[in-house]
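Just so you know, ligand 1 is whichever comes first in the structure, and atom 1 is the first atom listed for that ligand. Residue numbers count from 1 along this sequence.
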Amino acid sequence: MAGIYLHIPFCNSKCIYCGFYSVVNREIREKFVPALRREISLRRNFFDTLPREQRSIKTLYIGGGTPSVLPASTLAEIVTLLKENFSFPDSFEFTVEVNPDDITKEYAEALKNLGINRVSMGVQSFEDSHLRWMARRHNAKQAEEAFAILRDAGFENISADLIFGFPLLSMAQWESNLKKLISLSPEHISAYQLSIDENTALERLASRGDFIPSDEAACSLQYAMLQSILKEAGYEQYEISNFAKRGFYSRHNSGYWERNPYLGLGPGAHSFIGNKREWNFNSVEDYCREDLYEIRQGESLTERDIYNETLMLGLRKSEGVAIAKLLKSCKSAPLFFEESQDVFKRYLSTGILIKEDGKIKIPPGKFFVSDGIIRDLFV
Ligand code: SF4
């Protein structure tokens, strides 16, 4: 199963915490589609090295940045371009990321007419004071309205993102954010702990002492609240940060966690095939230069990289990693697995890991500290 990710590197303004590559320069936007056309013409045979049965593209994800800052007519051009160059089955998961302030009735209907069947919306909080602090462009009312507009336009698969773990967010507000979101009944919810990413406004605030992050204990309580409220509301936690109603797991992101091949298009996008990873440079200016074809770099993963990646991506999922899959991940995997038996045994005996149905998993109660657990298991 293969996927395509398209990175739209434009935002109308930058949120303080955001480490994703995007620019606010509007002039360059008109050069993007011709540049994408050039990249696609170079990459249209990307999946040809795969066995025929694995070449079918099952998911298309247009993310960013903010794809919804582009007019619907530009998105239509992009979709036509993709469909002319890649073969999609009759039904495939087609997601686009949107910001609430871009959603009007006409825009939502246009997205629907493009065949988009899943919308992922950055809500982040239902407290306007939080949204202002994050420098989000929307307010809570706009998020609610956007949700209703998308439903009216016929979207039956909506995902919403929330952020927790920042000092302004009290436990009562977090509970209220979760309950508000549940009342809108999205099919999918992603919740991320605020982190201080490089080259962000938040990093600059933190470096001059104007932002003190929440302590781990407070974040851990909010994470536990997230898990318990969403579970009670019928959402299944299928990955550390992802929850969904049954049947609505993100197929595109699941492809990443399964290490399925994907082609990334657009500045900053990553691709993965065989054991090769490639990434386009973070420069929309260079990407749009007609004479420049050196837009990416790549690396071949070592056996250790492959083993560690299979372990890490598997353990982030609630279902865990299948031991058979881990052992087959590369030639030296049985040796690596043997090397780390002491740690596995220690964690299994203390309940930090569970072994069930041929899989090793982290119990949900330990997800919050999963990074450390996974690091200890790396070879
Ligand atoms: S969070 Fe989204 S809208 Fe905000 S800067 Fe990042 S990509 Fe743009």
If you scan protein heavy atoms around atom 8 (Fe) of ligand 1, the nearest is Cys11 SG, 2.3 Å
shortest atom 2 (Fe) of ligand 1-to-protein heavy-atom contact is with Arg136 NH1, 4.0 Å
* Asked: For Phe337, does the CZ atom have more than 12 heavy-atom neighbours from other residues, nucleotides or ligands under 6.0 Å away?
  -> yes
- Item | Intermediate values then yes/no, side chain to side chain donor-acceptor pair (under 3.5 Å), Tyr238 and His188 | CA-CA 11 Å; Tyr238 68 106; His188 188 278; 2.5 Å; yes
**Heavy atoms from other residues, nucleotides or ligands near NZ of Lys366 exceed 12 (cutoff 6.0 Å)** = no
Discussion item. If the cut-off is 2.8 Å, does any N/O/S atom of Cys18 fall short of it from atom 8 (Fe) of ligand 1?
Written reply: no
Numbered in order shown, the ligand 1 atoms found under 4.0 Å of a heavy atom of Asn99 are 3 (S)
| request: Can you establish whether the number of heavy atoms outside Lys31 located under 6.0 Å from its atom NZ is more than 12? | output: no
Would you please test Arg316 and Glu239 for salt bridge (charged side-chain N to carboxylate O under 4.0 Å, His left out) and show each step?
CA-CA 6 Å; Arg316 286 184 63 91; Glu239 196 261 354; 2.8 Å; yes
Which of Asp101, Asn99, Asp102 passes side chain to side chain donor-acceptor pair (under 3.5 Å) with Ser68? It is Asp102
If we number the atoms of ligand 1 from 1 as shown, the ones under 4.0 Å from a heavy atom of Thr66 are 3 (S), 8 (Fe)
min-distance protein heavy atom vs atom 4 (Fe) of ligand 1 -> Cys15 SG, 2.3 Å
- Task: Could you tell me if any non-hydrogen atom of Gly65 lies under 4.0 Å from any atom of ligand 1?
- Result: yes
